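Written below as structure tokens is the structure these notes are about.
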Amino acid sequence: MQGTDLLDKHPLGAGQFAELVIGWQQQQGRHDLPWQHEITPYKVLVSELMLQQTQVTTVIPYFERWLQRFPTIEALAEAEQDEVMTLWQGLGYYARARNLHKAAQAIAKRGSFPADLETLQQIPGIGRYTAGAILSFAYDAYGPIVDGNVRRLFCRLFALEGYAGQSQLEKQLWQLAEQLTPQQHNRRFAQGLLDLGATLCTARRPDCANCPLQAGCQAYARQQVEQFPMAKPKKAKPSRQGHFLWVQQQGRLLLEQRPDQGIWSSLLTLPEVAAEHPLLQQAEPVGSFRHQFSHYQLDATIWQPQQQVEETPRHGWYASRQLADIALPAPIRKWIEQQLKQSAVD
DNA sequence: GATCCGTGGCA
DNA sequence: TTGCCAAGGAT
């Protein structure tokens, strides 16, 4: 067992490690995040789903609005998907919103909130990390977590080779998490791990001088803190073309709901057509934008067709005052609002 | 195991 | 401007 070896060779034992993390969290950790007050399993579920791959400062206003509109899991379970997507718009990774909605319906139907790792991981949108986080934060119970913060912290503490996603590294990280996670004070311990990663053991310019684990950090001992974790080998980001239609009729704008898979799933957008679409042969380009996704770059052109657009049940006409209350992708919303402002001035 | 899935902040 | 990064999960 490699993880056992790692821990055996390390100057800090598991008990001492937990004590240091817990003590530091109490003195120096974050205590004023919105989901840390009057904790319920539902609030933990909402916050954890929102926080997946998303920064705390981005999530906070979304979380506040969400709890106002859906104060309980039953309220969310009974909501329409349109409204769920509208509240989530701009936050990205829209499958999370559908999963959260489905999770609320499953839990409400079940009658009780699951409180064990196995059952939690059967719920849509909840993986190994989120299940551990729910046990730790909602129930103050044993729930190992490995996220980006913990990965960075452990890779440095134990000078672990490998990059994020490599199976052998992930296996080591989870084994360490299981061994280092205490049986008591689990909420504070988990919060301490995340706070250390977010405020001291950061990706760039880590603040080792104030770290309670400095004496036990193997990367620090080598003066190679920023070499861990190793950078994932990167490949070129592809570029894709997108063609969107700008069609107004009697002051209303034609929009189309996207399918529930793929990019911008379940959101409304300007109708998108293939590059070979006949409509584009006699259309005028009225604008363009470039948008960076995590895995490709979108070069979009917006066309004003001269012919009638064939409508489907997924199409709809929207007045400008309705736009605030529907779910649009951020770059599409930005372009539409700019266009409407210009045409109003013209 | 590799890829897909968003967005905003920051150096 | 560009690249990197952030409380991951599903396929």
Side-chain angles (χ1 to χ4, degrees), chain A residues 29-30 33-36 43-63 85 88-100 102-103 120-134 136-138 143-153 162-171 173-174 177 187 190-199 202-205 226 229 231-240 258-267 269 290-298 327-334:
Chain A
R30 295 174 291 186
L33 302 173
W35 42 89
Q36 292 179 309
K43 286 188 195 174
V44 174
L45 174 69
V46 173
S47 62
E48 288 302 334
L49 268 287
M50 286 186 171
L51 285 161
Q52 288 171 4
Q53 296 292 284
T54 310
Q55 294 193 345
V56 167
T57 53
T58 303
V59 165
I60 287 176
Y62 282 89
F63 179 82
M85 300 312 294
W88 197 277
Q89 67 165 318
L91 201 50
Y93 288 142
Y94 297 98
R96 295 184 296 171
R98 288 196 313 277
N99 285 336
L100 178 54
K102 280 189 268 184
L120 281 167
Q121 286 183 79
Q122 292 170 4
I123 293 175
I126 299 183
R128 194 172 178 182
Y129 162 79
T130 303
I134 289 174
S136 295
F137 293 126
I145 54 171
V146 175
D147 74 326
N149 292 299
V150 177
R151 179 179 299 108
R152 197 164 52 247
L153 187 70
Y163 53 85
Q166 274 195 328
S167 60
Q168 146 237 35
L169 173 64
E170 298 298 319
K171 191 174 173 185
L173 291 170
W174 278 104
R187 178 179 292 152
Q191 190 64 55
L193 291 180
L194 302 183
D195 291 348
L196 279 170
T199 64
T202 48
R204 286 167 299 219
R205 297 176 54 86
E226 290 189 75
K232 191 173 180 175
K234 50 180 177 270
K235 34 192 221 174
K237 187 186 283 190
S239 170
R240 300 185 193 174
R258 299 184 68 92
D260 63 2
Q261 292 184 0
I263 198 75
W264 296 333
S265 55
S266 310
L267 272 63
T269 58
R290 173 172 288 181
H291 184 70
Q292 303 288 344
F293 291 105
S294 47
H295 46 307
Y296 65 91
Q297 166 180 297
L298 173 67
L328 294 168
I332 296 286
R333 171 175 294 284
K334 186 177 171 186

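The model shown is predicted, which means the values in this text are computed figures rather than measured ones. Every chain is numbered from 1 and lettered A, B, ... according to where its sequence line falls, protein lines coming before strand lines.
- Between the side chains of A:Gln52 and A:Tyr129, no donor-acceptor pair is found at a separation under 3.5 Å.
- The 5' end of DNA chain B is approached more closely, in terms of each residue's nearest nucleotide, by A:Gln166 than by the other of A:Gln55 and A:Gln166.
- Among the atoms of the strands shown, only primed sugar atoms or phosphate atoms (P, OP1, OP2) are found under 4.0 Å from some heavy atom of A:Gly262.
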Using the 3.5 Å cut-off, write out each protein N or O paired with an N or O of nucleotides 1-4 of chain C and the distance between them.
| residue | atom | partner | partner atom | Å |
| --- | --- | --- | --- | --- |
| C:dC4 | OP1 | A:Lys234 | NZ | 3.1 |

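- Chain A approaches DNA chain B over the interval B:dG1 to B:dG8, counting the first and last nucleotide 5' to 3' with an atom under 4.0 Å from its heavy atoms.
- Checking A:Val56 against A:Asn99, the closest nucleotide of DNA chain C that is more toward the 5' end is the one next to A:Val56.
- Nearer the 5' end of DNA chain B, as judged by each residue's closest nucleotide, is the contact made by A:Lys232, out of A:Gly92 and A:Lys232.
- Residue A:Ser294 is in base contact, counting any heavy-atom pair closer than 4.0 Å across all strands shown.
- Nucleic acid contact class of A:Ile145 (heavy atoms, under 4.0 Å, all strands): none.
- Under 4.0 angstrom from either OP1 or OP2 of C:dG8 there lies no side-chain N or O belonging to A:Gln52.
- For A:Arg96 and C:dA10, the shortest distance from a side-chain N or O to OP1 or OP2 is not below 4.0 Å.
- Residue A:Leu194 is classed as a base contact, given a heavy-atom separation below 4.0 Å to a base.
- Near DNA chain C, meaning a heavy atom under 4.0 Å from it, residues 127-134 of chain A has A:Gly127, A:Arg128, A:Tyr129, A:Thr130 in order of number.
- Contact annotation for A:Trp35: base contact, defined as any heavy-atom pair under 4.0 Å involving a base atom.
- No contact: A:Gly165 has no heavy atom under 4.0 Å from any strand.
- Using bins of under 30°, 30° to 60° and over 60° for the plane-to-plane angle, the ring pair A:Phe63/A:Trp35 lands in the perpendicular bin.
- Contacts of A:Arg30 with the nucleic acid, taken as non-hydrogen atoms under 4.0 Å apart, include base atoms.
- Looking at heavy-atom distances under 4.0 Å, A:Leu33 makes contact with a base.
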